[in-house]
**Student:** 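Take a look at the following structure, please.
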Amino acid sequence: LVTYNILLRACAQARQLQKMEELLKKMELGGFQPDIFTFNGILDAHGKVGAFEAMDSTLKNMRKCKVKADFITYNTMIDAYGKAGHIEKMEETLEKMAMANIKPQLSTLNTLLNIYGAAKCVVQMELVLKSMSELGIRPTIITYEVLIKGYGNSKCFDKMQKCLGAMGDAGIRPKISTLNAIMEAYSSNGLFKEAENLLDGNIVVPTSLTYCILYKAYLKNGLNAKADNLLRKMDAAGIVPS
RNA sequence: UUUCACAGCUA
């Protein structure tokens, strides 16, 4: 069974969904009962390409096989609907999850934050955060990074900064990707002063990507002199282009 | 063996 699950995953990664379904039939004919791993993997494969009808029939199949949906099943569906911009379907799924008495997990909430962040739904993000604390779930670095990107998207710079502070208070060290997310937010909104401050970095040591983000923003705004200057600064910081 | 942000390597 594990072998089949691994093979199915290979099909999914290769985007050979056709082969995947064939293999599933074959394993059922061979007397193997697909398990929760099998179904979750298949759901995700369909979800990633927005094949919602296929997802529905997979769910039906699951029921037929008496395999109970778990939180990962729901996470997978929430993510698929959310990424496709079907927010209503996503929230519907969330309700179904509650009705099935399955508690949202950290990853469920991270998924929601990510999707609401991309959709610039700051209000919804706050609601998710509220339920997170009600559930007694602690944010992780993933949560914070998703939040920072989401707030940056919506130009909520104050909230972004607060997040960074909260991260420090929680004893979570920002990573380079955290810094780059903040850089992206400031740069793309023309807040060059703030962006430049990031380079002199009390947060993390910038990498070449950090510089590239700012460079791009300078050029977009016709600040060519500043851009040239930035390259010199990069050089001085000992960053070697790859 | 399955889901969520990013980063790195393959380049």
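Because the structure is a prediction, the values reported are computed rather than measured. Sequence lines set the chain letters: A, B, ... in the order given, protein chains first and strands last, and positions in each chain run from 1. Just so it is clear, the values below take in all heavy atoms, side chains as well, and ignore hydrogens, waters and symmetry mates.
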**Student:** What is the distance from CG of Asn75(A) to P of rU3(B), rounded to the nearest Å?
**Tutor:**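 So the two atoms are 11 Å apart, to the nearest Å.
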
**Student:** Do Leu106(A) and Leu135(A) belong to the same hydrophobic cluster, where Ile, Leu, Val, Met, Phe, Trp and Tyr are linked whenever their side-chain heavy atoms lie under 4.5 Å apart, directly or via other members?
**Tutor:**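 Same cluster.
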
**Student:** Could you measure between the two C1' atoms, the one in rA5(B) and the one in rU1(B), and give it in whole Å?
**Tutor:**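 Each nucleotide's C1' atom is 23 Å from the other's.
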
**Student:** Using atom CG of Asn40(A) as one end and atom P of rC4(B) as the other, report the distance to the nearest whole Å.
**Tutor:** 11 Å

**Student:** What integer distance in Å separates Leu43(A):CG from rU1(B):P?
**Tutor:**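 To the nearest whole Å, that distance equals 20 Å.
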
**Student:** Could you check how far CD1 of Ile72(A) sits from C1' of rU3(B), rounded to whole Å?
**Tutor:**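 That distance rounds to 6 Å.
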
**Student:** What residues, two or more places apart in sequence or in another chain, satisfy side chain to side chain contact (heavy atoms under 4.5 Å, CB included) together with Lys216(A)?
**Tutor:** Glu184(A)

**Student:** Go through the structure and list residues passing ring-ring contact (aromatic ring centres under 6.0 Å, His included) with Tyr4(A), not counting sequence neighbours.
**Tutor:** Phe32(A)

**Student:** Can you tell me if Phe37(A) is stacked onto the base of rU1(B), using a 5.5 Å centroid cut-off and an angle below 30°?
**Tutor:** yes

**Student:** With sequence neighbours left out, what residues match Tyr74(A) under ring-ring contact (aromatic ring centres under 6.0 Å, His included)?
**Tutor:** none

**Student:** Apart from Leu29(A) itself, which Ile, Leu, Val, Met, Phe, Trp or Tyr residues share its cluster (side-chain heavy atoms under 4.5 Å, direct or through members)?
**Tutor:** none

**Student:** Between the side chains of Arg232(A) and Asp228(A), is the shortest nitrogen-to-carboxylate-oxygen separation below 4.0 Å, so that they form an ion pair?
**Tutor:** no

**Student:** Dump the pairs, protein N or O against N or O of nucleotides 5-9 of chain B, anything under 3.5 Å, distances to one decimal.
**Tutor:**
| from | atom 1 | to | atom 2 | distance (Å) |
| --- | --- | --- | --- | --- |
| rA5(B) | OP1 | Lys83(A) | NZ | 3.0 |
| rA5(B) | O3' | Lys149(A) | NZ | 3.2 |
| rC6(B) | OP1 | Lys149(A) | NZ | 2.7 |
| rC6(B) | O2' | Glu145(A) | OE2 | 3.2 |
| rC6(B) | O2' | Ser177(A) | OG | 2.8 |
| rC6(B) | O2 | Lys175(A) | NZ | 3.2 |

**Student:** Could you give the CG-to-P distance, from Leu7(A) to rU1(B), as a whole number of Å?
**Tutor:**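 Atom-to-atom, Leu7(A) to rU1(B), this comes out as 14 Å.
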
**Student:** Compare the minimum distances between each of rU1(B), rC4(B), rU3(B) and the side chain of Thr76(A), then state the nucleotide with the smallest one.
**Tutor:**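 Among rU1(B), rC4(B), rU3(B), the one nearest the side chain of Thr76(A) is rU3(B).
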
**Student:** Side-chain heavy atoms under 4.5 Å apart, restricted to Ile/Leu/Val/Met/Phe/Trp/Tyr: what other residues fall into the cluster of Val240(A), or is it alone?
**Tutor:**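 Besides Val240(A), the cluster holds no residue at all.
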
**Student:** Would you say Arg9(A) reaches rU1(B)'s phosphate, i.e. side-chain N/O to OP1/OP2 under 4.0 Å?
**Tutor:** no

**Student:** Specify the separation, in whole Å, of atom CE of Met55(A) and atom P of rU3(B).
**Tutor:**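 Atom-to-atom, Met55(A) to rU3(B), this comes out as 13 Å.
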
**Student:** Within this structure, what is the OH-to-P distance between Tyr74(A) and rU2(B), rounded to whole angstrom?
**Tutor:**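 Spelled out: OH on Tyr74(A) to P on rU2(B) is 21 Å.
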
**Student:** To the nearest angstrom, how far is Tyr81(A) atom OH from rC4(B) atom C1'?
**Tutor:** 17 Å

